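Owing to the predicted nature of the structure, the values given are computational and were not obtained by experimental measurement. Just so it is clear: chains get the letters A, B, ... in the order the sequence lines come, proteins before strands, and each one is counted from 1.
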Amino acid sequence: MYDLRVLRDNLDAIKSQLGPRGSDVAWDDLRALLEKRSSLTVTVDTLRHELKKGSDNVARLKREKQPADAVMAGMKAVGDRIKDAGERLRATEERIAEITLRIPNVPHASVPVGTDAASNLEVRRVGSAPAFGFAPKAHWDIGEALGILDFGRAAKIAGARFAVLIGLGARLERALINFMLDLHTTRHGYQEVLPPFMVNRAAMTGTGQLPKFEEDLFKLRDDDYFLIPTAEVPVTNLLREEIVPNDRVPIRYTAYTPCFRREAGSYGKDTRGLIRQHQFNKVELVAFSRPEDSYQELERLTGHAEAVLQELALPYRVVTLCTGDMGFSAAKTYDIEVWLPSQSGFREISSCSNCEAFQARRASIRYRRKDGKTDFMHTLNGSGLAVGRTLIAILENYQQADGSVTIPHALRPYMGGVERIVKS
RNA sequence: GGAGGGGUGGCUGAGCGGCCGAAAGCGCUGGUCUUGAAAACCAGAGUCGGGGUAACUCGACCGUGGGUUCGAAUCCCACCCCCUCCGCCA
């Protein structure tokens with residue numbers, strides 16, 4: 001979403017910067033609507049001015065016991081014209097919002113151009129794939145054999161794309177959540193937040209899930225609430241319609257929440273295992289920064305997500321998403337991909353984005369600059385990390401020939417000292 | 001779910017339908033005074049949209065949205081939120 005004046009004056013530039021990302025935007029309609037809005041605004045403001053002066057006149061005449069009927073009749077007519085023009089202005093602004101709320105963010109200049117994941121750019125690789133003296137198994141085989149993962153019963157009580165964690169499996173998930181939160185709060189300087197797992201329509205619009213992606217969300221039937229698809233939504237919206245004092249910036253929050261996604265349109269993908277679930281746990285990192293610092297903040301935040309994998313000694317790589325693979329609100333995104341032996345490949349475990357002022361404009365998230373003026377902050381978010389996928393990576397990378405799984409050292413204090421999961 | 005009370009500027013809190021963008025106090029910023037600080041005194045200070053290079057100027061904003069009226073913070077309606085009591089509940 002854009003400042004309407006900036007949009008009106010730079011429509012062509014923005015259109016070309018968006019390239020294919022803006023292909024389904026009604027640019028010509030928008031141009032006409034913006035011009036209509038400008039002229040209607042002038043009309044309404046002028047009429048209001050006239051009405052105000054006229055009404056003051058009526059007050060004066062009445063005080064002086066003079067007849068005011070003629071002026072009142074004239075102002076009645078002006079009032080009707082205001083009502084009429086105001087209604088058209090309101091309708092115009094509504095249509096502008098319908099269009100602009102569906103325009104994605106403009107990619108940063110450093111983002112590679114491309115239409116799909118093939119154009120993503122690998123930035124670095126950390127750690128090396130473990131060597132197995134046997135054929136590594138997939139996490140669902142490992143987990144079900146150990147009795148810590150149950151998809152059948154999950155399907156019975158809920159349906160497809162749900163899982164039940166049992167015993168040390170559940171313990172491992174909980175250990176990961178606590179480990180990640182502790183790392184980010186004690187060593188990386190984030191403040192822990194535990195937000196609602198449902199939010200209203202305004203919050204979803206603020207971060208960009210609505211209006212365009214409503215079909216991806218779980219929505220309550222009797223209330224206008226949505227289950228959050230990521231903690232980014234409640235946590236970023238914490239500062240919606242606020243002006244933050246200068247000395248409080250930057251602000252960094254971390255939050256554990258479950259995330260709920262309908263996964264509409266991904267019917268054939270990742271049907272086995274924990275990779276793609278309707279409900280999964282995630283520890284999120286959210287930062288609000290000064291515009292001039294946000295790209296430094298993105299590197300920082302991405303580093304904090306990587307630190308989790310480094311502590312767990314899991315091999316991974318970082319890629320810069322190309323323009324066609326980025327999310328709606330992002331100006332630049334790094335994906336962190338963890339090594340999964342069963343797939344002999346890397347799989348997304350974190351996505352770290354700088355949304356620049358895109359969400360801040362939608363949600364009116366501002367700060368007080370040193371010079372006293374208000375300005376939009378830049379908002380950033382990243383998974384730190386997706387907990388379920390981290391559990392997958394541990395099961396697969398730490399699996400042993402006998403089917404057991406060793407626990408990474410950093411996690412053992414969180415596992416009550418358990419060093420290995422064996423079949424019970 | 002039922003009954004009642006209330007939402008005004010950073011905060012507290014006034015506000016007869018017109019002279020109210022809004023008293024007063026606190027807090028804040030600048031100045032005078034002081035070796036420095038405090039106190040006292042003086043001055044300033046909201047957000048958004050439009051126009052202008054600028055000084056400046058016009059409009060909107062008193063929870064949100066409608067309505068009545070020449071004119072609404074003030075009257076009417078709906079909704080949202082907060083508080084108190086009752087019921088229910090972890």
Side-chain angles (χ1 to χ4, degrees), chain A residues 1-11 30-101 194-206 210 219-220 222-226 234 237-249 251 258 357 359-377:
Chain A
M1 195 192 173
Y2 301 88
D3 182 300
L4 290 184
R5 188 165 27 165
V6 171
L7 192 62
R8 187 194 62 193
D9 296 343
N10 303 281
L11 203 64
L30 181 58
R31 186 190 311 277
L33 286 165
L34 286 169
E35 272 161 28
K36 192 172 173 190
R37 172 181 173 272
S38 293
S39 69
L40 278 172
T41 301
V42 172
T43 304
V44 170
D45 281 3
T46 307
L47 286 171
R48 282 226 178 89
H49 181 62
E50 194 181 329
L51 179 72
K52 216 173 177 176
K53 289 283 171 280
S55 295
D56 287 348
N57 218 2
V58 171
R60 188 180 50 76
L61 289 171
K62 293 212 165 186
R63 245 182 282 121
E64 294 168 0
K65 310 278 189 218
Q66 306 247 350
D69 290 2
V71 183
M72 280 166 67
M75 289 306 107
K76 171 81 173 161
V78 173
D80 290 343
R81 288 171 64 199
I82 291 174
K83 196 175 281 186
D84 176 62
E87 176 55 33
R88 282 187 292 146
L89 178 60
R90 198 196 54 74
T92 303
E93 290 184 328
E94 204 166 274
R95 290 181 61 197
I96 289 171
E98 276 168 25
I99 295 174
T100 55
L101 285 171
L194 185 60
F197 302 157
M198 289 178 239
V199 297
N200 57 32
R201 188 170 285 275
M204 283 292 185
T205 306
L210 291 179
K219 181 183 186 321
L220 300 206
D222 293 331
D223 301 278
D224 203 20
Y225 292 140
F226 300 84
N237 276 285
L238 243 29
L239 298 182
R240 179 153 56 93
E241 281 154 44
E242 293 197 24
I243 300 170
V244 174
N246 188 281
D247 58 12
R248 274 193 59 207
V249 185
I251 295 175
Q359 295 178 324
R361 267 192 295 266
R362 291 179 152 242
S364 191
I365 300 169
R366 290 173 289 169
Y367 77 110
R368 185 75 58 186
R369 294 197 317 206
K370 273 276 191 299
D371 65 8
K373 297 214 166 81
T374 62
D375 195 10
F376 295 111
M377 286 196 279

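Computed from coordinates, the A/Met72 CE to B/G18 C1' distance equals 12 Å when rounded to whole Å. Going from atom CD of A/Glu241 over to atom C1' of B/C80 covers 13 Å, rounded to whole Å. Across the protein-nucleic acid pair, A/Asp224 atom CG and B/C81 atom P stand 12 Å apart, rounded to whole Å. The nearest whole Å value for the distance from the CD atom in A/Glu93 to the C1' atom in B/C48 is 12 Å. In this structure, A/Lys76 places its NZ atom 5 Å from P of B/U69, rounding to the nearest Å. If you measure from atom CD1 of A/Ile96 to atom C1' of B/G49, you get 13 Å, rounded to the nearest angstrom. Rounded to whole Å, atom P of B/G10 lies 17 Å from atom CG of A/Asp247. In this structure, A/Arg366 places its CZ atom 11 Å from C1' of B/G46, rounding to the nearest Å.
Closest heavy-atom contact between A/Pro234 and A/Val199: CB-CG1, 4.0 Å.
As the counterpart of B/C48, B/G59 is assigned, both hydrogen-bonding distances of the Watson-Crick or G-U wobble pattern falling under 3.5 Å. As the counterpart of B/U29, B/A43 is assigned, both hydrogen-bonding distances of the Watson-Crick or G-U wobble pattern falling under 3.5 Å. Base pairing of B/G65 is made with B/C77, judged by Watson-Crick or G-U wobble geometry with both donor-acceptor distances under 3.5 Å. The partner of B/A37 is absent, by the rule that a Watson-Crick or G-U pair needs both atom distances under 3.5 Å. For B/U84, the paired nucleotide is B/A3, the pair qualifying as Watson-Crick or G-U wobble because both relevant distances are below 3.5 Å. Within the shown strands, nothing qualifies as a pairing partner of B/C19 under the Watson-Crick or G-U definition with both distances less than 3.5 Å. If you check B/A90 for Watson-Crick or wobble pairing at under 3.5 angstrom, you find it has no partner at all.
Side chain of A/Ser39 to main chain of A/Lys36: a donor-acceptor pair is present (N/O by atom type, distance under 3.5 Å, no hydrogens or angles).
A salt bridge links A/Glu93 and A/Arg37; the closest N-O separation between the charged side-chain nitrogens and carboxylate oxygens is under 4.0 Å.
When distances run from any side-chain atom of A/Leu51 to the nucleotides B/C70, B/U47, B/C81, the shortest one goes to B/C70. The side chain of A/Thr41 lies closest to B/G49, out of B/C70, B/U47, B/G49.
If you find the closest nucleotide of RNA chain B to A/Val71 and to A/Lys373, the one lying nearer the 5' end belongs to A/Lys373. The 5' end of RNA chain B is approached more closely, in terms of each residue's nearest nucleotide, by A/Arg37 than by the other of A/Val58 and A/Arg37.
Between B/G2 and B/A60, the two P atoms lie 39 Å apart (nearest whole Å). Straight-line distance between the C1' atoms of B/C76 and B/A3: roughly 23 Å, to the nearest whole Å. Here, B/G7 and B/U12 have their C1' atoms 15 Å apart, quoted to the whole Å. If you take atom C1' in B/G10 and the same atom in B/U47, they sit 13 Å apart, rounded to whole Å. Comparing B/G66 with B/A14, their P atoms are spaced 29 Å from each other, to the whole Å. With both ends at atom C1', the span from B/C48 to B/A38 equals 39 Å, rounded to whole Å. Nucleotides B/A23 and B/U8 place their C1' atoms 12 Å apart, quoted to the nearest Å. Nucleotides B/C11 and B/U64, compared at atom C1', are 23 Å apart to the nearest Å.
Phosphate contact (OP1/OP2 of B/G50, side-chain N/O of A/Arg8, threshold under 4.0 Å): absent.
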How would nucleotides 52-68 of chain B be written as a contact map, 5' to 3', with B for base contact, S for sugar-phosphate-only contact and - for no contact, using protein heavy atoms under 4.0 Å? ------SSS-----S-S
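Side-chain contact between A/Met75 and A/Asn57 is absent, with no heavy atoms from C-beta onward closer than 4.5 Å.
Note on residues 78-90 of chain A: pairs passing salt bridge (Lys or Arg N to Asp or Glu O under 4.0 Å), not counting sequence neighbours, are A/Asp84-A/Arg88, A/Glu87-A/Arg90, A/Arg90-A/Glu94.
Residues passing the salt bridge (Lys or Arg N to Asp or Glu O under 4.0 Å) test with A/Arg368: none are found, sequence neighbours excluded.
As judged by a 4.0 angstrom heavy-atom cut-off over every strand, A/Met75 is placed among residues touching the sugar-phosphate backbone only. Within the nucleic acid shown, A/Ser38 has no heavy atom closer than 4.0 Å to any nucleic acid atom.
For the side chain to side chain contact (heavy atoms under 4.5 Å, CB included) criterion with A/Val42, the lone passing option out of A/Thr46, A/Val44, A/Asp45 is A/Thr46.
Heavy atoms from other residues, nucleotides or ligands lying under 6.0 Å from CZ of A/Phe197 number more than 12. Atom CZ of A/Arg95 sits in a sparse spot, with 12 or fewer heavy atoms from other residues, nucleotides or ligands closer than 6.0 Å.
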